[in-house]
Amino acid sequence: MKEYFPNIPKIAYEGPKSRNPYAFRYYNPDEIIAGKPMREHLRFAMAYWHTLCADGTDMFGRGTANKSFGESDPMEHAYAKAYAAFELMDKLSIDYYCFHDRDIAPEGKTLAETNANLDKVADLLEELQKKYNKKLLWGTANCFNHPRYMHGAGTSPYADVFAFAAAQIKKAIEITARLGGTNYLFWGGREGYETLLNTDMGLELDNLARLLTMARDYGRKMGIKGDFYIEPKPKEPTKHQYDFDAATCVAFLQKYNLMDDFRLNIEGNHATLAGHTFQHELAVARINGVFGSIDANQGDYLLGWDTDQFPTNVYENTLVMMEVLRAGGFKTGGLNFDAKCRRGSYTPEDIVLAHIAGMDGYAQGLRMAVKLQEDGLLDNFIKERYASYESGIGADIVSGKATLESLEAYALSKGEVVDSVGSGRQEYLEMQMNAIMFE
Ligand code: XLS
Ligand code: NI
Ligand code: NI
């Protein structure tokens, strides 16, 4: 069988001292950490669009990477990408993958032709999944590339476009379900606005909820057993994206009664674009019961756009994995590398090295987060900081027994309370965190 990455061996774990670039230093898939194998903690997924499709094209220049995989006919190219994808997942020990409908198969002249192309490629994907023992983490529909979606898909002012998006999503759900995909995702590509001068925001949001509700119902009928995800992002491509951040998404899901079936897919670079830390977005999802999955990448703090870099910032990855552990780990979600090589890193080897860097980066984050959890210093500090709510007046506040009158009587009896206010000890915690991480 043709090899698409002939120079790349199967990547093995060699431990932290190894200087072999084609080896893992920290990711040891079957090593048991905190009660389960690393591969189950991390549930890595490969993003089809970046890894098999994106060629480095940007606003100022054409592609730099050749992702033709030796084919020029669109269908042959699609098949070659599928073979290349599974060869890579196999060599990298990545157990899951994610795709948009348009990543895996080319568009035909009509929707019917496009759907037939999808069916053909899905046959091959099904076969390759079995052969390599890989799973689809989630599928999604690309409702943002085609010109018809210029003003949005579910939020388009034009009902015909809404109908087209619905038809496209229906097919993407069928393909996802057929391939045993656990979850189904919506990223609100062009679901937002450029100016309120031409926008009926109320109707657009109601329509978006209508589309998600229909998709949820059809997805359940088709056998999607896991979660439906929405993926917060504040801007880009539109100036204002409706799924702005985790808190905005929670309010949307609550308003439209979608909390039971939808969870959030949190992406690192989207968090920072929204002016939040990655950790913050995960914490908001967790405390609202909608932590679902992660698009693992990182942005550049000096740039204001979605650079989708491979996540090598171990400190940030540690904070992310702390939140994942606090949420009880992934249930049906995972860590999808929604990340691409820099335009200048254009060779096939770069794709492999980038994934190793991201996987090792998250493996380090997991190892450090487990150390921090087992040490207990941070969790205990937080617990003690709020201990006054466990008894006395604090317990009355928490139980709902306290009223403004009873609290006034309490305050009057106390005189002053400033001496009972403890230090936040931020620098101490940062020092201890470094000590535990690097001991
Ligand atoms: C774009 C998004 C996209 C989604 C899938 O910014 O991250 O890649 O994850 O549509
Ligand atoms: Ni994403
Ligand atoms: Ni992104």
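Order of appearance sets the numbers: ligands from 1, and atoms from 1 within every ligand.
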- [ ] Would you check if His77 and Lys81 make a side-chain contact, meaning some heavy-atom pair closer than 4.5 Å?
- [x] yes
Open item on the list: Classify the ring geometry of Tyr242 against His240: parallel below 30°, tilted from 30° to 60°, perpendicular beyond 60°.
Closed with: perpendicular
Open item on the list: Any donor-acceptor pair under 3.5 Å linking the side-chain atoms of Thr307 with those of Gln309?
Closed with: yes
- [ ] Would you mind reporting whether Tyr22 and Val352 have side-chain heavy atoms less than 4.5 Å apart?
- [x] yes
Task: Heavy-atom check, side chain of Met46 versus side chain of Phe337, under 4.5 Å - done: no
Open item on the list: For a distance under 2.8 Å, give residue and atom name for each protein N, O or S atom next to the Ni ion (ligand 2).
Closed with: Glu231 OE2, Glu267 OE1, Asp295 OD2, Asp338 OD2
List below, pair by pair, the N or O atoms of ligand 1 and of the protein that are less than 3.5 Å apart, including the distance to 0.1 Å; reply 'none' if no pair qualifies.
{"from": "ligand 1", "atom 1": "6 (O)", "to": "Lys233", "atom 2": "NZ", "distance (Å)": "2.8"}
{"from": "ligand 1", "atom 1": "6 (O)", "to": "His270", "atom 2": "NE2", "distance (Å)": "3.1"}
{"from": "ligand 1", "atom 1": "6 (O)", "to": "Asp306", "atom 2": "OD2", "distance (Å)": "3.0"}
{"from": "ligand 1", "atom 1": "7 (O)", "to": "Glu231", "atom 2": "OE2", "distance (Å)": "2.7"}
{"from": "ligand 1", "atom 1": "7 (O)", "to": "Glu267", "atom 2": "OE1", "distance (Å)": "2.7"}
{"from": "ligand 1", "atom 1": "7 (O)", "to": "His270", "atom 2": "NE2", "distance (Å)": "3.3"}
{"from": "ligand 1", "atom 1": "7 (O)", "to": "Asp338", "atom 2": "OD2", "distance (Å)": "2.8"}
{"from": "ligand 1", "atom 1": "8 (O)", "to": "Trp49", "atom 2": "NE1", "distance (Å)": "3.3"}
{"from": "ligand 1", "atom 1": "8 (O)", "to": "Asp338", "atom 2": "OD2", "distance (Å)": "2.9"}
{"from": "ligand 1", "atom 1": "9 (O)", "to": "Glu231", "atom 2": "OE1", "distance (Å)": "2.7"}
{"from": "ligand 1", "atom 1": "9 (O)", "to": "Glu231", "atom 2": "OE2", "distance (Å)": "2.9"}
{"from": "ligand 1", "atom 1": "9 (O)", "to": "Asp295", "atom 2": "OD2", "distance (Å)": "2.8"}
{"from": "ligand 1", "atom 1": "9 (O)", "to": "Asp338", "atom 2": "OD2", "distance (Å)": "2.9"}
{"from": "ligand 1", "atom 1": "10 (O)", "to": "His100", "atom 2": "NE2", "distance (Å)": "2.7"}

Task: Pairs touching residues 98-131 that satisfy ring-ring contact (aromatic ring centres under 6.0 Å, His included), sequence neighbours left out - done: Trp49-His100, Tyr97-Phe99, His100-Phe144
Open item on the list: Can you confirm whether or not the ring centre of Tyr79 sits under 6.0 Å from the ring centre of Tyr83?
Closed with: no
TODO: Using a strict 4.0 Å threshold on nitrogen-to-oxygen distance, state whether Lys67 and Asp55 make a salt bridge.
DONE: no
Open item on the list: Among the N, O or S atoms of Asp306, which one sits nearest to the Ni ion (ligand 3)?
Closed with: OD2
Task: Contacts of type side chain to side chain donor-acceptor pair (under 3.5 Å), residue Lys91, not counting sequence neighbours - done: Glu3, Glu87
Open item on the list: With no hydrogens and no angle check, just 3.5 Å: does a side-chain donor-acceptor pair link Gln298 and Asn269?
Closed with: no
